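Okay, so here's the structure we're looking at.
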Amino acid sequence: MALINASVGLNPDATGRENIILRGMYMDIHPRAMRRHIDAVAEFTELDSYLDMPVRTYSSGMMVRLAFAISTCIRPEILVLDEWLAAGDAQFLAKAQKRMEEFVSGSSIVVLASHSLDLVRQWCRRAIYLRQGVVQAIGPVEDVIARYEAAPL
């Protein structure tokens, strides 16, 4: 599963609940299987009655809550992340951070694309440094970070 663009597959004219099923289908999850996750997604988002409204009426923060909750309701064996969640209010960010930590810890393989050296240090054992699409270094995190930091701007 890729958490590169969590809002892909959301239909602005469909309700939040309908989008849970639609996004699940985009993630290749049968609607029947996805229906079992609706309550958990609803609880995580804390959107309450807004889940029965069209997504086009949501604020950007509400959209992030829904997209993130849908995208993380099923744990993948292989997880691909582009950066880390950094949107939403402080309470939701803390809740999402906890879920991401559980999500990453529970995955067999995690691929994290990030400019945050702290995140890379925290979650990775090996790293690849790319510059303009060309591999500059591969190896233990600290070795690759040292090459990255020493590189000319």
Side-chain angles (χ1 to χ4, degrees), residues 1-12 16 19-47 51 55 58-153:
M1 171 184 297
L3 283 181
I4 294 172
N5 185 347
S7 64
V8 168
L10 294 182
N11 179 335
N19 269 294
I20 293 169
I21 303 301
L22 292 171
R23 174 65 181 164
M25 290 169 59
Y26 179 80
M27 297 182 330
D28 201 28
I29 301 166
H30 193 278
R32 189 175 327 121
M34 206 57 198
R35 282 187 192 92
R36 292 191 290 261
H37 297 283
I38 289 176
D39 290 342
V41 169
E43 181 181 334
F44 190 84
T45 65
E46 299 175 351
L47 292 175
L51 282 175
V55 168
Y58 288 16
S59 68
S60 59
M62 293 166 75
M63 182 77 80
V64 166
R65 285 173 177 258
L66 179 63
F68 179 81
I70 295 169
S71 296
T72 60
C73 72
I74 296 175
R75 292 180 193 237
E77 189 172 327
I78 299 172
L79 176 64
V80 180
L81 296 164
D82 182 11
E83 292 296 343
W84 201 268
L85 184 69
D89 61 71
Q91 180 182 355
F92 181 73
L93 278 175
K95 188 176 180 177
Q97 176 74 19
K98 183 176 186 290
R99 179 171 275 192
M100 284 301 296
E101 290 172 2
E102 293 168 357
F103 209 60
V104 169
S105 296
S107 297
S108 299
I109 298 171
V110 175
V111 178
L112 170 64
S114 181
H115 291 95
S116 169
L117 301 183
D118 291 337
L119 275 178
V120 172
R121 282 184 174 106
Q122 181 178 359
W123 293 106
C124 303
R125 291 187 307 249
R126 296 186 49 78
I128 300 172
Y129 163 38
L130 298 172
R131 184 178 181 122
Q132 297 179 341
V134 178
V135 174
Q136 303 296 309
I138 298 176
V141 169
E142 289 304 325
D143 294 350
V144 173
I145 287 176
R147 288 276 307 271
Y148 174 76
E149 291 178 326
L153 298 174

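All figures in this text were calculated on a predicted structure; none of them were measured in a lab.
Environment of CG in Leu130: crowded, with over 12 heavy atoms of neighbouring residues, nucleotides or ligands closer than 6.0 Å. Within a 6.0 Å sphere centred on CD of Glu43, other residues, nucleotides and ligands contribute 12 heavy atoms or fewer.
The side-chain heavy atoms of Met34 and Cys73, taken from C-beta on, include a pair separated by under 4.5 Å. Under the 4.5 Å side-chain criterion, counting only non-hydrogen atoms from C-beta, Leu79 is not in contact with Val111. Side-chain contact check for Pro140 versus Arg125: every heavy-atom pair is 4.5 Å or farther apart. For the pair Leu10/Ile70, a side-chain contact is recorded, criterion being any heavy-atom separation below 4.5 Å from C-beta on.
Taken to the nearest 0.5 Å, the CZ atom of Arg23 stands 13.5 Å off from the NE2 atom of His37. Here the NE2-CZ distance, from His30 to Arg36, works out to 10.0 Å after rounding to the nearest 0.5 Å. Rounded to the nearest 0.5 Å, atoms CE (Met100) and OG (Ser105) are 10.0 Å apart. Atom-to-atom distance recorded for Thr45:OG1 and Phe92:CZ is 8.0 Å, nearest 0.5 angstrom. Taking NZ from Lys95 and CD from Glu46, the interatomic distance works out to 3.5 Å, rounded to the nearest 0.5 Å. We find the CD1-CG distance between Ile145 and Leu117 to be 5.0 Å, quoted to the nearest 0.5 Å.
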(Q) I'd like to know whether Ile20 forms a side-chain contact (heavy atoms from CB on, under 4.5 Å) with Leu66, so could you lay out the CA-CA distance, the side-chain angles of the two residues, the decisive distance to 0.1 Å, and finally the verdict. (A) CA-CA 8 Å; Ile20 293 169; Leu66 179 63; 4.1 Å; yes
Q: I would like to know whether Tyr58 and Arg65 meet side-chain contact (heavy atoms from CB on, under 4.5 Å); could you show each step before the answer?
A: CA-CA 10 Å; Tyr58 288 16; Arg65 285 173 177 258; over 6 Å; no
Q: Given side-chain contact (heavy atoms from CB on, under 4.5 Å), test Ile138 with Val144 step by step and report yes or no.
A: CA-CA 6 Å; Ile138 298 176; Val144 173; 5.5 Å; no
(Q) For Trp123 and Val110: C-alpha separation, side-chain torsions, deciding distance, then whether side-chain contact (heavy atoms from CB on, under 4.5 Å) applies. (A) CA-CA 9 Å; Trp123 293 106; Val110 175; 5.9 Å; no
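Across all non-hydrogen atoms, the minimal contact from Cys124 to Val141 is O-CG2, 3.2 Å. In this structure, Asn19 and Val55 approach most closely via the heavy-atom pair ND2-CG2, 3.0 Å.
Of the listed residues (Ile21, Ile29, Asp28), just one forms a side-chain contact (heavy atoms from CB on, under 4.5 Å) with Met25, and that residue is Ile21.
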In residues 146-153, what donor-acceptor pairs under 3.5 Å come from side-chain atoms, sequence neighbours left out?
residue, atom, partner, partner atom, Å
Arg147, NH1, Gln136, O, 3.4
Arg147, NH2, Gln136, O, 2.7

